[in-house]
Peer 1: 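Take a look at this one; I'll ask things after.
Computed from a prediction, not measured in an experiment: that's the story for all the values here.
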Amino acid sequence: MAGHGTDEHPHGADRLCEAGDRVYSRAVRRGRVPRRDAEPVPCLLELALLHPDPDDMDFLVPTAPQEVMTRLLRGMYDEISESHRRVGSMVSAVERYAGLGRWMRESSTGTEGTAIRVLDGLSRIQSAMDEATQACTTEVLTVQPGGIRREHELSEGLHRALTLRNRGVRMRDLYTHVARHGQGLLTYLELMGDAVEARTLDEVIDRLILFDRTVAFVPANADRTMALELRHPALVEYLVTVFERLWQLAIPLTTPLPDTGIEGISHRERAIAALLAEGHQDAVIAERLGISVRTCRAHIARLSETLGATSRTQLGVRIAQAGLDGPPRTPGASSPGTPGGTPGQESTAAS
C-alpha cells in the first residue's frame, strides 16, 4: 500500500509501531491474519514477525513470541559480549603502552604522564583514589565484579561514600546478580539512601571507577596490586559509554530477576548453561558470574539432572535443545541519565 513504506517504520522488533503491534497481537491470538491486514505495516514481514501461511497464501501466520524473544535477547547478549571484548582489549593495550612509556623520557610538557599513570602498590592506589574522591563534585560510576560483597569491604569506604553523599554527589553501581544475596550490600545501600542506585547483570566487566567523567581507575594486573589512572578524555569517554551501555541492560536491585520460563531451571543455571554452550570451563564460568567453582559445579549438576543429561557432551546437546544456549536473561528497563552508584564502598576498587 502506498505511503506505508519502510521509511515510516524505522524500528526493530523490540519497539514495534502501534499499528504493527496491533496486527501482530491479533495474529498471535487468532493464529493468522489476512494478508491485506498487514499491508499498512510492512515492518512485520521485514522483521519476520509474520510470514505466509503455506496452506493459504492469502493469510499470514505469526512467528511464536518465544522465538521473537530469543532472537531479541541473543542480539542483546551479543552486544554485551562485544562490549566485554572491546574493554578487555583496550585495557590490555593501555597497559602495554604504559609499560613501553617507562622507557621513554618524559616530554617537556609532561602531558603523557598526566593522561595515563601506572599506580604500583596499594598505598599509591589508595592515595590516588582519595584525591579523586575529594575532588569529585557531581557523580561517580562504578563496576564491581565478583560475587557477594563482604561487609568489611563495604564498611571500609563508607565514610568516603557518606562524604560524597553529603556533597550531593550522585552514585551508580553495577554488580553481578550474585551480589543481591549479600546482606552487607543491602545494608550499605539503605544507609546511603537515594544518593546511590545499584543494578545487576549476570556478568560485568572488570572493576572500574569513574569520577565526574574526567578520571577513571582500572586494574593493571591480575592480583590488582597495580592500577591505571586514566585522564585522557578519549579513554574516559569510551569507558563512560561502556558503563552506560551496561547500565541500560542491567536490572535494578529493587526489581526481582525475571523468571527463566523453564520449570526447574533457575536464572543462574540458565546463565551457566549459556556460558557452557560457549565452551567455557567451570573455573571461567565461576569467575565471570562471581561464584565459587564448587557452587558452579553444583549448579551444573542440577542442570544436568533437570535436563536428563548423563555426560557433559549430552548436557551440551540438551542445552541447545532447550534453547538455553542463548541469552540468559531479559534486560531490565533503564534510564541512561538516572544517577546512582557507590565509589567509596571499596576504596581499593581499582586495585
Side-chain angles (χ1 to χ4, degrees), residues 87-88 90-103 106 110 112-136 139-165 167 169 171-176 178-179 182 184-185 187-188 191-192 196 198 204-232 235-236 239 242-243 283 286-288 290 292 341-351:
V87 171
M90 186 213 68
V91 171
S92 297
V94 168
E95 182 180 353
R96 182 172 67 255
Y97 289 123
L100 291 173
R102 297 177 182 177
W103 299 96
E106 185 172 333
E112 187 68 23
T114 58
I116 302 175
R117 281 204 305 163
V118 179
L119 306 174
D120 193 352
L122 297 180
S123 61
R124 288 195 63 193
I125 295 171
Q126 182 70 55
S127 177
M129 292 280 292
D130 287 344
E131 290 177 12
T133 299
Q134 290 302 316
C136 184
E139 99 179 322
V140 180
L141 312 175
T142 76
V143 178
Q144 304 287 359
I148 293 175
R149 317 311 301 171
R150 297 181 180 89
E151 292 196 30
H152 78 272
E153 293 175 332
L154 297 167
S155 60
E156 282 176 0
L158 180 59
H159 66 285
R160 296 182 182 85
L162 290 173
T163 299
L164 289 169
R165 185 195 67 177
R167 293 209 306 262
V169 175
M171 297 169 273
R172 279 187 282 165
D173 270 353
L174 279 171
Y175 298 93
T176 61
V178 177
L185 175 59
T187 301
Y188 174 85
L191 288 172
M192 293 300 296
V196 173
V204 295
I205 58 174
D206 208 342
R207 190 154 292 155
L208 167 68
I209 299 182
L210 287 152
F211 292 90
D212 283 343
R213 306 193 177 209
T214 58
V215 57
F217 294 89
V218 297
N221 61 355
D223 59 8
R224 298 193 177 101
T225 57
M226 295 177 63
L228 297 181
E229 178 184 327
L230 307 174
R231 293 182 180 270
H232 192 290
L235 288 175
V236 174
L239 291 172
V242 171
F243 179 91
E287 181 179 4
R288 288 177 62 165
S292 68
T342 47
Q345 67 184 23
E346 287 186 76
S347 56
T348 57
S351 61

Peer 1: Begin from the C-alpha positions of Ile209 and Val218 and carry the test side-chain contact (heavy atoms from CB on, under 4.5 Å) through to its verdict.
Peer 2: CA-CA 7 Å; Ile209 299 182; Val218 297; over 6 Å; no

Peer 1: Any chance you could measure Leu141, atom CG, to Leu239, atom CG, to the nearest 0.5 Å?
Peer 2: 10.5 Å

Peer 1: Hey, could you give me the OG1/CG distance between Thr214 and Leu230, rounded to the nearest 0.5 Å?
Peer 2: 11.5 Å

Peer 1: Report the distance from atom CG of Leu174 to atom CG of Leu208, rounding to the nearest 0.5 Å.
Peer 2: 9.0 Å

Peer 1: Specify the closest pair of heavy atoms between Leu162 and Met192, including all atoms of both residues, with the distance to one decimal.
Peer 2: CD2-SD, 3.7 Å

Peer 1: Output all residues satisfying side chain to side chain contact (heavy atoms under 4.5 Å, CB included) with Ala132, sequence neighbours left out; order by chain, then residue number.
Peer 2: Phe211, Val215, Phe217

Peer 1: Among Val140, Thr163, Leu164, find the one that has a side-chain contact (heavy atoms from CB on, under 4.5 Å) with Thr133.
Peer 2: Leu164

Peer 1: For Arg167, what residues pass the salt bridge (charged side-chain N to carboxylate O under 4.0 Å, His left out) criterion, not counting sequence neighbours?
Peer 2: none

Peer 1: Roughly how far apart are Leu119 CG and Met226 CE, rounded to 0.5 Å?
Peer 2: 8.5 Å

Peer 1: To the nearest 0.5 Å, what is the distance between CE on Met129 and CD on Glu229?
Peer 2: 10.0 Å

Peer 1: Do Val236 and Arg231 have side-chain heavy atoms sitting under 4.5 Å apart?
Peer 2: no

Peer 1: Checking Gln134 against Asp130: is there a side-chain donor and acceptor pair closer than 3.5 Å?
Peer 2: no

Peer 1: Return the set of residues passing salt bridge (charged side-chain N to carboxylate O under 4.0 Å, His left out) with Asp212 (not counting sequence neighbours), or none when no residue passes.
Peer 2: none

